[in-house]
S.K.: 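First, the structure itself, so that you have it in front of you.
Quick note: residue numbers are just sequence positions, from 1.
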Amino acid sequence: MRTLAVALACGVIGASVVLLAAGKTWARGTAAFGQGTLPVHATGSQATALPGALALVGLAALVAVFAVRRFGRYAVSGLLALSGLGVIVIVLARRSATGALNERAAAASGLTHATAGHTSTTGWPLVAVAGGVLLLVAGLLAVRYGAAWPAMSSRYDRPGARPSVRGRAAARPAPVDPDRAEDLWKALDRGEDPTQAAG
């Protein structure tokens, strides 16, 4: 259960960190305007929308780990790990946000082919990478230990799914003793008519 708590914390915190970092400024620069310059900046979501999307996929996969069993759990755990790995790779590849800065410079100067100068990168891309690492850790923990984690009750299975042995046994009507109030109440709880059972 300790690994379950660690995986949940890593997954939730990691996805939240990536989503937070995606909205922050990743790169700054200047755009030439007349005889001077204008400051421009680009956020993570302007540089690339993929990290935020992968964070949401990872969060959904983290929840789905508890809704599936056996092979499905391994598949969803692998998706969670791949989401974290994808965030890391994409952020490291796009952290300079050069393309997004050039677009901001072109919009600021009114010149289609304007490019940003004096560019610099903030620390937010590295924060997003840290979030991706946490998602990756959550996925690896789920792959390694997920088989032992609890799953949702079978009451959430789709209608028509084959009932378990215990479910088939519980489906058989239990004999009702009309002289015992306890049996009558149990029959009512099961949705049975105790008067017909007694007859």
Side-chain angles (χ1 to χ4, degrees), residues 1-33 36-68 73-109 111-146 149:
M1 297 303 290
R2 184 178 301 172
T3 58
L4 170 59
V6 172
L8 280 173
C10 287
V12 172
I13 294 172
S16 301
V17 166
V18 173
L19 290 172
L20 173 67
K24 301 297 183 179
T25 298
W26 281 20
R28 293 188 177 94
T30 58
F33 185 76
T37 59
L38 290 175
V40 292
H41 70 276
T43 64
S45 58
Q46 290 170 340
T48 172
L50 285 176
L54 287 173
L56 293 176
V57 169
L59 203 56
L62 182 65
V63 174
V65 165
F66 303 98
V68 295
R73 179 165 287 188
Y74 286 108
V76 173
S77 301
L79 180 61
L80 175 57
L82 288 175
S83 297
L85 182 61
V87 168
I88 296 169
V89 172
I90 292 166
V91 171
L92 290 177
R94 300 294 300 271
R95 66 178 178 164
S96 63
T98 304
L101 273 178
N102 290 338
E103 290 177 7
R104 306 276 80 74
S109 65
L111 302 174
T112 307
H113 300 292
T115 58
H118 302 94
T119 61
S120 62
T121 304
T122 68
W124 283 107
L126 297 180
V127 174
V129 168
V133 169
L134 289 175
L135 281 172
L136 177 60
V137 169
L140 294 177
L141 286 173
V143 169
R144 174 64 180 85
Y145 301 103
W149 293 348

S.K.: Can you confirm whether Ile13 sits close enough to Val17 that some side-chain heavy atom of one is under 4.5 Å from a side-chain heavy atom of the other?
M.R.: yes
S.K.: Looking only at heavy atoms, what is the nearest atom pair of Leu135 and Gly84, with distance?
M.R.: CB-CA, 3.6 Å
S.K.: Might you point out which heavy atoms bring Ala7 and Ala138 nearest each other, and give the distance in Å?
M.R.: O-CB, 3.4 Å
S.K.: Taking Ala21's backbone N and O only, do any of them form a donor-acceptor pair with Trp26's side chain (distance below 3.5 Å, no angle check)?
M.R.: yes
S.K.: Give me the atom names and distance for the closest heavy-atom approach of Leu80 to Gly58.
M.R.: CD1-O, 3.2 Å
S.K.: Within the distance-only criterion (no hydrogens, no angle test), does the side chain of Arg73 pair as donor or acceptor with the backbone N or O of Val65 below 3.5 angstrom?
M.R.: yes
S.K.: Measuring from atom CG of Leu136 to atom OG of Ser83, what distance do you get when rounded to the nearest 0.5 angstrom?
M.R.: 10.0 Å
S.K.: Given the rule in the side chain to side chain contact (heavy atoms under 4.5 Å, CB included) test, do Val87 and Val129 qualify, once you have shown the distances and angles that lead to the verdict?
M.R.: CA-CA 7 Å; Val87 168; Val129 168; over 6 Å; no
S.K.: With heavy-atom distances below 4.5 Å as the criterion, would you say the side chains of Thr48 and Val91 are in contact?
M.R.: no
S.K.: Which residue, Leu141, Leu140, Leu134, forms the side chain to side chain contact (heavy atoms under 4.5 Å, CB included) with Val137?
M.R.: Leu141
S.K.: Would you compute the distance between atom CG of Leu82 and atom CG of Leu54 and round it to the nearest 0.5 angstrom?
M.R.: 9.5 Å
S.K.: Would you say Leu79 and Val57 make side-chain contact, with heavy atoms under 4.5 Å?
M.R.: yes
S.K.: Are Lys24 and Thr122 packed together at the side-chain level, in the sense that at least one heavy-atom pair is separated by less than 4.5 angstrom?
M.R.: no
S.K.: Measuring only between side-chain heavy atoms, which start at C-beta, is Trp124 closer than 4.5 Å to Thr43?
M.R.: no
S.K.: Kindly give the heavy-atom pair with the smallest separation between Ala64 and Val76, and that separation in Å.
M.R.: CB-CG1, 3.8 Å
S.K.: Got Leu62 and Val12 here, is their nearest side-chain heavy-atom distance under 4.5 Å?
M.R.: yes
S.K.: Using every non-hydrogen atom in the two residues, find where Tyr74 and Val143 come nearest and quote the distance to one decimal.
M.R.: CE2-O, 3.5 Å
